[in-house]
2 protein chains.
Amino acid sequence: MKQAKKQLFHDFIARKGLKSTRQRDLILDGFLSNDRHMSIEELYLALRAKHPNIGYATVYRTLKLFSESGIAREIQFGDGQTRFEHVDEGEHHDHLVCTRCGAVKEFANEAIEKLQAAIAESHGYLVHTHKLELYGICPKCRK
Amino acid sequence: MKQAKKQLFHDFIARKGLKSTRQRDLILDGFLSNDRHMSIEELYLALRAKHPNIGYATVYRTLKLFSESGIAREIQFGDGQTRFEHVDEGEHHDHLVCTRCGAVKEFANEAIEKLQAAIAESHGYLVHTHKLELYGICPKCRK
DNA sequence: CTTATCAATGAAAGTGATTTCCGATAGCAA
DNA sequence: TTGCTATCGGAAATCACTTTCATTGATAAG
């Protein structure tokens, strides 16, 4: 699965006539080997720990490439930090976000998706994306 | 309904020991007499047209107070602009956002709300808010 | 294995939205 | 009226990104 994403990204790089660089591989490894919802800051600091002179701008630029290549997706939970999550083909999910500790749980619900489609249609909208987030306190923080 | 919100805000001001000022009243009137999803910029410019030396900072500060008082709610549609919408007691709705023209349509769906509650519960989360936005092309733009 | 080309990089400067700072002003209680 | 202090406006600061630019390095041609 990690290999598949690496492959996808390398194919994308080749298809676009871009260059395969050490930094891009480094950032890709960092992204793939970490938690599914990382902020750019987090990834940057993690990388920086091992490779002190990697640039902030490079991380931003590369994450944007990940989005374009389809292996990552940008998400925002309203805390002013952009996060990136892994994209798994044919899979869609929404998020439960803990407002105390920041934990994120993914869930998928077929019934909600269907209702959303019906609502959009009834208003004449042609929907291409949607966002559903439930904000609350996670089981751990409730104690 | 506008009167009710003015009352609510004045009560809030009094309860918190804050002061009732001309600017706050001005901004409140501007907010209440306009469209339901305004950006801070829009409100600021509209106010500025009538009262040239009202400060940007004051508008920000005051809108935050509106949120705290419960008469307004901050929303973000991912275009980098924070918007504020009116809060009507006991009413909840979600949004259909046109990604071409920016039009926003509100909708409410009881069934979705129930499903959300069930999902949150099954994961042990205590949910206090949620956000559901459908992004697409509105009927007008589809032509 | 060179060498030329031009994308990619890192550091720093620039943006745009929002926030803070600060001296002046104005509610409001005494 | 007076005094206290919240609030104000304008400017500077901050925050999360984005762009710029001189240098570096990947790649392809020779």
Side-chain angles (χ1 to χ4, degrees), chain A residues 9-31 37-69 72-84 102, chain B residues 9-31 37-69 72-84 102:
Chain A
F9 184 62
H10 285 134
D11 291 354
F12 171 82
I13 286 290
R15 191 165 62 251
K16 290 278 186 176
L18 304 175
K19 287 173 182 170
S20 165
T21 68
R22 203 160 46 75
Q23 286 87 335
R24 284 178 180 163
D25 287 342
L26 238 48
I27 297 170
L28 182 52
D29 281 343
F31 174 67
H37 303 91
M38 13 171 44
S39 68
I40 299 171
E41 179 84 15
E42 280 163 3
L43 181 52
Y44 171 71
L45 290 176
L47 289 166
R48 191 88 187 185
K50 292 268 178 191
H51 313 273
N53 53 354
I54 199 164
Y56 220 120
T58 302
V59 178
Y60 271 94
R61 287 187 280 234
T62 305
L63 283 170
K64 203 169 279 182
L65 282 181
F66 291 172
S67 287
E68 282 175 48
S69 77
R73 182 188 299 121
E74 218 169 294
I75 45 175
Q76 306 203 208
F77 293 137
D79 63 348
Q81 295 260 115
T82 296
R83 281 151 208 286
F84 284 82
Chain B
F9 185 63
H10 285 134
D11 290 353
F12 171 81
I13 286 290
R15 191 165 60 252
K16 291 275 186 177
L18 305 174
K19 288 173 182 171
S20 166
T21 69
R22 202 161 47 76
Q23 287 88 335
R24 285 177 180 164
D25 287 340
L26 238 49
I27 297 170
L28 182 53
D29 281 344
F31 174 67
H37 302 91
M38 4 171 53
S39 68
I40 298 170
E41 179 85 17
E42 281 163 2
L43 181 53
Y44 171 71
L45 290 176
L47 288 166
R48 191 88 186 184
K50 293 268 178 190
H51 313 274
N53 53 354
I54 199 163
Y56 220 121
T58 303
V59 178
Y60 271 94
R61 287 187 281 235
T62 305
L63 282 171
K64 203 169 280 182
L65 282 181
F66 292 173
S67 287
E68 283 175 48
S69 78
R73 182 188 298 119
E74 215 170 298
I75 44 175
Q76 305 203 208
F77 293 137
D79 63 349
Q81 295 261 116
T82 296
R83 282 150 207 286
F84 283 83

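Letters A, B, ... are given to chains in the order of the sequence lines, protein chains preceding strands, and every chain is numbered from 1.
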Taking the six-membered ring for Trp and the full ring for Phe, Tyr or His, determine whether the centres of B:F31 and B:F84 are under 6.0 Å apart.
no
Could you tell me the separation between the CD atom of A:E68 and the CZ atom of A:F9, rounded to the nearest 0.5 Å?
9.0 Å
Side-chain N,O (A:T82) to OP1/OP2 (D:dA16) below 4.0 Å
no
Please give, in whole Å, the distance from C:dT18 P to B:R83 CZ?
10 Å
Quick one: is D:dT18 close enough that its OP1 or OP2 comes under 4.0 Å of any side-chain N or O from A:K64?
yes
A:K16 near the nucleic acid: base, sugar-phosphate alone, or nothing, with a heavy-atom cut-off under 4.0 Å?
nothing
First locate atom CD of B:E41, then atom CZ of B:R48, and finally report the distance between them rounded to the nearest 0.5 Å.
11.5 Å
Indicate the atoms forming the closest heavy-atom contact of B:L65 with B:L18, along with that distance.
CD2-CD1, 4.1 Å
Grab the CD-P distance between B:E74 and C:dA17 for me, whole Å please.
15 Å
Could you tell me how far apart B:L63 (CG) and C:dT18 (P) are, to the nearest whole angstrom?
10 Å
Distance-minimising heavy-atom pair for A:M38 and A:G30:
SD-O, 4.4 Å
Under 4.0 angstrom, heavy atoms only, what part of the nucleic acid is A:Q81 near: base, sugar-phosphate, or nothing?
sugar-phosphate
Please give, in whole Å, the distance from D:dT7 C1' to B:I27 CD1?
11 Å
Need one value for B:G17: base, sugar-phosphate or nothing, where a base atom within 4.0 Å counts as base even if backbone is also close, heavy atoms only.
nothing
Can you give me the N/O atom pairs linking the protein to nucleotides 27-30 of chain C at distances under 3.5 Å, or say none if there are none?
| from | atom 1 | to | atom 2 | distance (Å) |
| --- | --- | --- | --- | --- |
| C:dG27 | N2 | B:K19 | NZ | 3.4 |
| C:dG27 | N3 | B:K19 | NZ | 3.4 |
| C:dC28 | OP1 | B:S20 | N | 3.1 |

Does any residue of residues 54-61 of chain B have a heavy atom under 4.0 Å from DNA chain C, and if so, which ones, in number order?
B:A57, B:Y60, B:R61
Output for pair (B:D11 CG, B:S69 OG), nearest 0.5 Å, gives 10.0 Å
Using 30° and 60° as the class limits, which term best fits the ring planes of A:Y44 and A:Y56: parallel, tilted or perpendicular?
parallel
Testing A:H37, A:R83, A:Q81 one by one against A:E42 for a side-chain contact (heavy atoms from CB on, under 4.5 Å), which residue passes?
A:R83
Rounded to whole angstrom units, what separation is found between the CZ atom of A:R24 and the P atom of C:dA7?
11 Å
Length of the CD1-C1' vector between B:I40 and C:dT19, whole Å
11 Å
Just jot down the side-chain contact (heavy atoms from CB on, under 4.5 Å) partners of B:D25, sequence neighbours excluded, or say none.
B:H10, B:S20
Between P of C:dT9 and CG of A:L26, the distance in whole Å:
11 Å
Whole-Å distance between C:dT18 P and B:E42 CD?
12 Å
